[in-house]
S.K.: 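The structure is given below, and queries will be raised subsequently.
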Number of protein chains: 2
Amino acid sequence: MEEHRHVTIYDIAQKLNLAASTISRALKDHHSISDKTIKKVKQTAKEMGFVPNTLAAGLRGNVTKTIGILIPTVTQPFLSSLISGIEIAAQKSDYSVIIMQSHDSYQMEVDMAKSLYSNRVSGVICSLAMETKDTSHFKQFSNNNIPLVFVDRVPKDYDTFRVVINNYLAGYKATKHLIEQGCKRIAHLTPVSEFGSLYNERKRGYTDALAEHGIPIENNLIISLKKITYEEGVKACNQLFDLKNPPDGLFAPGDLLAVSAVQTAKKRGIKVPDQFAVIGFNNDPISEIIEPNISTITHPAEKMGKAAAELIIKNLKSVKEEDAKEITFLNTQVLVRESSRKI
Amino acid sequence: MEEHRHVTIYDIAQKLNLAASTISRALKDHHSISDKTIKKVKQTAKEMGFVPNTLAAGLRGNVTKTIGILIPTVTQPFLSSLISGIEIAAQKSDYSVIIMQSHDSYQMEVDMAKSLYSNRVSGVICSLAMETKDTSHFKQFSNNNIPLVFVDRVPKDYDTFRVVINNYLAGYKATKHLIEQGCKRIAHLTPVSEFGSLYNERKRGYTDALAEHGIPIENNLIISLKKITYEEGVKACNQLFDLKNPPDGLFAPGDLLAVSAVQTAKKRGIKVPDQFAVIGFNNDPISEIIEPNISTITHPAEKMGKAAAELIIKNLKSVKEEDAKEITFLNTQVLVRESSRKI
DNA sequence: TATTTTAGCACAACCGATTGCGGACAGTAA
DNA sequence: TTACTGTCCGCAATCGGTTGTGCTAAAATA
């Protein structure tokens, strides 16, 4: 096989008896190059199969047109949709996307943040690892004017962009929906020792909705899960159904949990939604397919990704120091389906 | 905010009164640098917050330690698991992963291939877009000794690495399983005008299994779908059930289709698996959760990703020209669950 | 015709890490 | 003392595209 070497602007320059700088300018339609030359250069570039070396451009200009994504995993539907949204928005502005998975490990997140920095990404979009409490490893971005956007799982005390939903309101709306359907005793699942505000906020929405409607909050209807998995959901639901006075509704802060609840109920002969109404969270594909299909809270993953990417790209174009690091709230909606429709 | 500039080896060199080359060598434990100097350099580098600039290293050494992924979309469970596998394997060898979505468009695939080349990725892992018939846009990689691995949706006639499952065998095994369960009239869904061998192979396995067991192949039991979606699946199944002599089994080449089949059957009062046994493909998360849960063919997505990444990394370490561009076949298994268990 | 303007292009420094080559110096052997 | 070996390190070129500066010749103006 022949050993091609990459075609450079110097190769083009030599062929056309021009300077490399002229080639560079011609390729980007610089005004000081004549149309004739521009046409000639572009033509030859195509003929020779020239492909610009982004490394060289990035090194010189300190601009890479690359967005780094740092998330726990790519396999969760919410996160893969997030990536998709980012990638589409990035693509439109000719940005590339480089992805790293922290697997919810703090140490990996630290290492990967460093790696992204090392790659001189133009901006970073991050959803924090479960383990992460300290966020000082993101300072390297802030300190170097590399825009940083946290999405969904965001730190409380870090002055940068955030794209989130209003988890409190979402939890409130979900619970209120169940109340409106006639539920009197509504259970809730929540991960144990969640550092962040995400699930706590949903829970707070839940308790506030109850309180507002004069429904007492019963601690044995609120179950803490070690992990947010199907199996943990089943266990928790069985625990709920075993109560002397079992619940007649459930707000699950994730669709997988909601599915486990619906199926556990069905197995025990409990009618959904008549005896036990369920609402989930996220609008994962599965919520629509399972029978009965599951009421849920929409979580606009792709939109969030798009918003995050656009924040970075916009911020890169005009860096206004005085810009407050805004929080972007995206809307959620109650999607009523069979699992909670009683009236 | 103070305007930091990136710390470079020159900054370290100046501080320690050494040459930049010494810093560079010290940081990678070059033998010609004394232990004392190495220790001192590393110490200072850490203190100053030095992070190597991969662009510079990549430009100079023509080595980027980056793997490009070019796939239709990241939101399909199979593909996001594939990414996960690639990322994990890459991470182990200190490679980064850059992702692009072709959205099954040929033109986007062409553009993105160019972009990956422009980013001077060390290797490329690709699952072809549906539209893609011509694969000449991958020549730029082959011509420049950039290892290229096709996964799952691979071209027929391109001399490079492939990581696939044996779709023929998988289709055969799935169909045989249904036959063994006592099915006499087994239907099959398949995408219309599929260019590649993937679904055709599965179908071939299906027809061969039938033939081998003396079961006639009935063309009205084989339905072509425009798209592989839930809705198309429902439509096709209704068409099947409307037949004078409806099938008693179905081999669906995807779990989503299998789910649509099971649910359509249930809605029409057809007992699964007794009257209608179903087996899907991929072992998507949903197949395990739906009720009845769905028999399927395992599709080792993460393993395939891992294998593909390792092929690239291995090939990068020792480029043996004479190496045949091997095909890696990964195993699939019949996962028998409720939707097809009759005996 | 003399002079100013402007279009069109070349020169060379630059980004930051890498590496072949060679120099300085210390230690050992002859 | 001379020659040789080996250790430790600096010089400078290199990767390829970008950009400020400046030069030349043609066009416009006086």
Side-chain angles (χ1 to χ4, degrees), chain A residues 3-42 44-45 48-66 94 115 117-122 144, chain B residues 3-42 44-45 48-66 94 115 117-122 144:
Chain A
E3 281 280 343
H4 292 243
R5 286 192 53 249
H6 305 272
V7 179
T8 73
I9 55 171
Y10 294 95
D11 299 330
I12 304 175
Q14 196 167 33
K15 187 156 192 172
L16 294 179
N17 275 323
L18 289 173
S21 55
T22 305
I23 310 300
S24 172
R25 291 195 171 98
L27 288 173
K28 32 180 52 184
D29 294 314
H30 195 280
H31 63 272
S32 81
I33 307 291
S34 67
D35 288 351
K36 215 198 306 177
T37 309
I38 290 182
K39 193 165 283 178
K40 201 167 54 181
V41 169
K42 286 189 175 175
T44 347
M48 300 179 69
F50 169 75
V51 180
N53 184 330
T54 23
L55 296 178
L59 177 59
R60 165 63 216 237
N62 213 29
V63 188
T64 54
K65 295 208 128 196
T66 301
D94 227 33
S115 173
Y117 181 77
S118 181
N119 274 288
R120 296 295 186 271
V121 291
S122 308
N144 287 286
Chain B
E3 281 279 347
H4 292 242
R5 285 194 49 250
H6 305 274
V7 180
T8 72
I9 55 170
Y10 294 96
D11 300 329
I12 304 175
Q14 196 166 31
K15 187 157 193 172
L16 293 179
N17 275 321
L18 290 173
S21 53
T22 305
I23 310 299
S24 173
R25 292 191 173 101
L27 288 172
K28 32 180 50 183
D29 294 313
H30 194 280
H31 63 273
S32 83
I33 307 291
S34 69
D35 289 351
K36 215 196 311 180
T37 308
I38 290 182
K39 192 165 283 179
K40 202 167 54 182
V41 168
K42 286 190 176 175
T44 327
M48 299 178 70
F50 168 76
V51 180
N53 184 330
T54 34
L55 296 177
L59 176 59
R60 165 64 215 239
N62 214 28
V63 188
T64 54
K65 297 208 118 191
T66 301
D94 227 33
S115 173
Y117 181 77
S118 181
N119 274 286
R120 296 295 186 269
V121 290
S122 308
N144 287 285

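Chain letters run A, B, ... following the sequence lines, proteins first and then strands; every chain starts at 1.
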S.K.: What string of B, S and - do you get for nucleotides 17-25 of chain C, 5' to 3', when a contact is any protein heavy atom under 4.0 Å?
M.R.: BBBBB----
S.K.: Under the side-chain contact (heavy atoms from CB on, under 4.5 Å) rule, what do A:His6 and A:Asn53 come out as? Steps first, then yes or no, please.
M.R.: CA-CA 9 Å; A:His6 305 272; A:Asn53 184 330; over 6 Å; no
S.K.: With axes from five pairs an end, tell me the bend angle of the helix from C:dT1-D:dA30 to C:dA30-D:dT1, nearest 10°.
M.R.: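 Answer for the end axes of this duplex: 50°.
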S.K.: With a 4.5 Å heavy-atom cut-off, do A:Asn119 and A:Thr66 have their side chains touching?
M.R.: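 They are not in contact (no side-chain heavy atoms under 4.5 Å apart), so the answer is no.
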S.K.: Heavy-atom count check: over 12 atoms from other residues, nucleotides or ligands less than 6.0 Å from B:Asp29 CG?
M.R.: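 Correct, the count exceeds 12.
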S.K.: Would you check if B:Asn144 and B:Tyr117 make a side-chain contact, meaning some heavy-atom pair closer than 4.5 Å?
M.R.: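 Yes - at least one pair of side-chain heavy atoms lies under 4.5 Å apart.
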S.K.: side-chain contact (heavy atoms from CB on, under 4.5 Å) between B:Met48 and B:Ile12: does it pass, once the steps are laid out?
M.R.: CA-CA 8 Å; B:Met48 299 178 70; B:Ile12 304 175; 4.0 Å; yes
S.K.: side-chain contact (heavy atoms from CB on, under 4.5 Å), that's the test. Do B:Val41 and B:Ile38 meet it? Break it down for me.
M.R.: CA-CA 5 Å; B:Val41 168; B:Ile38 290 182; 5.9 Å; no
S.K.: Please report the shortest heavy-atom distance between B:Ala20 and B:Ala13, naming the atom on each side.
M.R.: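 Closest pair (atom of B:Ala20, atom of B:Ala13, distance): N-CB, 3.7 Å.
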S.K.: A:Lys40: which residues meet the side chain to side chain contact (heavy atoms under 4.5 Å, CB included) condition with it, sequence neighbours left out?
M.R.: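 Listed in chain order: A:Leu16.
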S.K.: Of the residues in residues 29-42 of chain B, which ones touch DNA chain C at a heavy-atom distance under 4.0 Å?
M.R.: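 The stretch gives none, as no residue of it lies under 4.0 Å from the strand.
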S.K.: Ignoring hydrogens, what is the shortest heavy-atom contact between A:Lys42 and A:Ala26? Give both atom names and the distance.
M.R.: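 Looking at all heavy atoms of both residues, the shortest contact is CE-O, 3.9 Å.
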S.K.: Once side chain to side chain contact (heavy atoms under 4.5 Å, CB included) is applied, do any residues pair with A:Thr22, and if so which ones, sequence neighbours excluded?
M.R.: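 Result, side chain to side chain contact (heavy atoms under 4.5 Å, CB included) vs A:Thr22: A:Leu18, A:Ala19, A:Ile33, A:Thr37.
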S.K.: Could you list where the contact with chain B starts and ends along DNA chain D, reading 5' to 3', using a 4.0 Å heavy-atom cut-off?
M.R.: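 Under 4.0 Å from chain B, the extent on DNA chain D is D:dC8 to D:dG16.
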S.K.: Could you check whether any side-chain N or O of B:Thr64 sits under 3.5 Å from a backbone N or O of B:Gly58, counting only pairs where one atom can act as donor and the other as acceptor?
M.R.: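 No, the answer is negative, given that no donor and acceptor are paired below the 3.5 Å cut-off.
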S.K.: Taking any heavy-atom pair under 4.0 Å as a contact, classify B:Leu55: base, sugar-phosphate, or nothing.
M.R.: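 No contact.
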S.K.: The test is side-chain contact (heavy atoms from CB on, under 4.5 Å); show your working for A:Leu27 and A:Phe50 and say whether it passes.
M.R.: CA-CA 11 Å; A:Leu27 288 173; A:Phe50 169 75; 3.5 Å; yes
